[in-house]
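Heads up, the thing below is written out as structure tokens.
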Number of protein chains: 2
Amino acid sequence: MIRTNPELAAYIHKLWSSRDYSIQEMDFNAKTIIFEQDKRYGKVYVIREGMAKCYISDENGKDFIQEFLGPGMEFGELEVFDNLTTICSVEAIQNLKTFTMSHQTYQQLLATDSQFNTLVIKALANKIRYKAPRHSYQHSYPIEDNLLRLKKQFPEFTEVIPKKDIANYIGITPRSLNRALRELKDKHNGF
Amino acid sequence: MIRTNPELAAYIHKLWSSRDYSIQEMDFNAKTIIFEQDKRYGKVYVIREGMAKCYISDENGKDFIQEFLGPGMEFGELEVFDNLTTICSVEAIQNLKTFTMSHQTYQQLLATDSQFNTLVIKALANKIRYKAPRHSYQHSYPIEDNLLRLKKQFPEFTEVIPKKDIANYIGITPRSLNRALRELKDKHNGF
DNA sequence: CAATGTAAAGGACATTTGTCCCATGCTTCA
DNA sequence: TGAAGCATGGGACAAATGTCCTTTACATTG
């Protein structure tokens, strides 16, 4: 549920300390909105510490959370090549420490550092591999099963992540989430 | 709804005709299952002609279609690096013509041909960019809106793609699809 | 040619989920 | 400190969707 990428985190840290490329540290307070959907930005970020949410809002103001991003996860990388607008907003849930670099630096790294290139391709592939079954599962199983699954993956999620965000992650309303949580408490007792 | 990638299609064709790399043509009849979910394969495919569906099945036998793949779309690429099992099954909907190469050749190409490398990264990024809003939209809007949207993107979809597949793509049952189609016919008249 | 299988359409009912409320407790802030 | 705002929890009802079943038409095959 909260995605991480230790390998990339370590590598970026190494690149940053080498000072061979223009990579900066940049920190954000909780609730800071770093990317706003449909806007254009020139930077790529990699999370060092903390957690952010990446979400899509529709015209009715409903949010749909794509991923919770933890250490080593990057964002802004999908827009590097064609200088596209973002598809997601990104907001810090906890205080966030990141490394950041320009599109230009990112492309330069991709072109010259084959290890970085491989790590980025793997990261992209993993985002796809992860997304597919998640949405599939959420459609085919009742809410309670989804909650049990999350609980298994990340036991403290109900404490760390606000209810509204959990609901938006599963793609349901807070009301339905509450109903499901109550029934889990009644049944399995100990949720 | 049916994804294509003309740029990659053209480039692979060029690579194939150059004979510099070991790339083969391989064709499949409609309904052939090319990849079975959770198995391991050693090849990457790029579609030349025809259409395939890429889908996840759950234990109850329900399918969830991820993408309809048209010319220029690749599959099997996500498993190249760590020799992972597939997350999706892939089945030809129409007779399918592909180019195919081994994982080894694919990695060699990524490492030595920077234009290929860039095309692949873009293709991965586009898969992600495309997936996110689709699932989000499907959750937040009524079925009828989703159908109108598909109709706009690809007017003949109801003729080309079997009903069951359309339902599995939207993530609903054929029954619900029929209901929605009927109401669209009654209202907008001309669906 | 009969037989079997499969896609499509839809009726009837059950279930799930959403919508719209209201109430409570906690935090924030002027 | 009082007011406003927000997260949480849940009742009552409405709407959307699924389940189960039956029918029809058409294709495939022994």
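In what follows, every chain begins at residue 1, and chains take the letters A, B, ... in the order their sequences are listed. What you see is a predicted model, and the numbers here were worked out from it, not measured in a lab.
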I need a per-nucleotide contact map over nucleotides 24-30 of chain D, read 5' to 3'. Cutoff is protein heavy atoms under 4.0 Å; write B for the base, S for backbone only, - otherwise. -------

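- Within the 4.5 Å cutoff, side-chain heavy atoms of B:L150 are placed close to those of B:Y169.
- B:F35 and B:Y45 have their aromatic ring centers within a separation under 6.0 angstrom.
- By the 4.5 Å heavy-atom criterion applied to side chains, B:N95 and B:F28 are not counted as neighbours.
- Rounded to an integer number of Å, the gap from B:E183 CD to D:dA16 C1' is 10 Å.
- Around the CD atom of A:Q24, the shell of radius 6.0 Å holds more than 12 heavy atoms that belong to other residues, nucleotides or ligands.
- Between A:K53 and A:E67, no side-chain nitrogen of the basic residue sits less than 4.0 Å from a carboxylate oxygen of the acidic one, so the salt-bridge criterion is not met.
- Between B:D145 atom CG and D:dA16 atom P there is a gap of 11 Å when expressed in whole angstrom units.
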Run B:F99 and B:Y21 through ring pair (Phe, Tyr, Trp, His ring centres under 6.0 Å) and show every step you take. CA-CA 12 Å; B:F99 291 117; B:Y21 294 89; over 10 Å; no

Return the polar atom pairs (N/O with N/O) between nucleotides 9-17 of chain C and the protein under 3.5 Å, or none.
| residue | atom | partner | partner atom | Å |
| --- | --- | --- | --- | --- |
| C:dA9 | OP1 | B:K163 | NZ | 3.4 |
| C:dA9 | OP2 | B:K163 | NZ | 2.4 |
| C:dA9 | OP2 | B:N178 | OD1 | 3.0 |
| C:dG10 | OP1 | B:R182 | NE | 2.8 |
| C:dG10 | OP1 | B:R182 | NH2 | 2.6 |
| C:dG10 | OP2 | B:R182 | NE | 3.1 |
| C:dG11 | N7 | B:R175 | NH2 | 3.1 |
| C:dG11 | O6 | B:R175 | NE | 2.9 |

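- Of the candidates A:D27, A:T32, A:I34, A:I34 is the only one forming a side-chain contact (heavy atoms from CB on, under 4.5 Å) with A:L96.
- A 4.5 Å side-chain heavy-atom check between B:V120 and B:E74 finds at least one atom pair inside the cut-off.
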Sugar-phosphate or base contact per nucleotide [nucleotides 21-30 of chain C; S, B, -; heavy atom under 4.0 Å]: ----------

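- For A:E159 and D:dA7, the CD to P distance is 18 Å, given to the nearest whole Å.
- The interatomic distance linking A:F64 (CZ) with C:dG18 (P) rounds to 11 Å, in whole Å.
- Atoms NZ (A:K164) and C1' (D:dT8) sit 12 Å apart, rounded to a whole Å.
- Between B:D63 atom CG and C:dA7 atom P the separation is 12 Å, expressed in whole Å.
- For the pair B:E144 CD and D:dT17 P, the computed distance is 9 Å after rounding to whole Å.
- Residues A:F157 and A:L147 form a side-chain contact, since some pair of their non-hydrogen atoms from C-beta on lies under 4.5 Å apart.
- Counting heavy atoms from C-beta on, the side chains of B:V160 and B:Q94 come closer than 4.5 Å.
- Between A:R48 and A:E25 the shortest side-chain heavy-atom distance falls below 4.5 Å.
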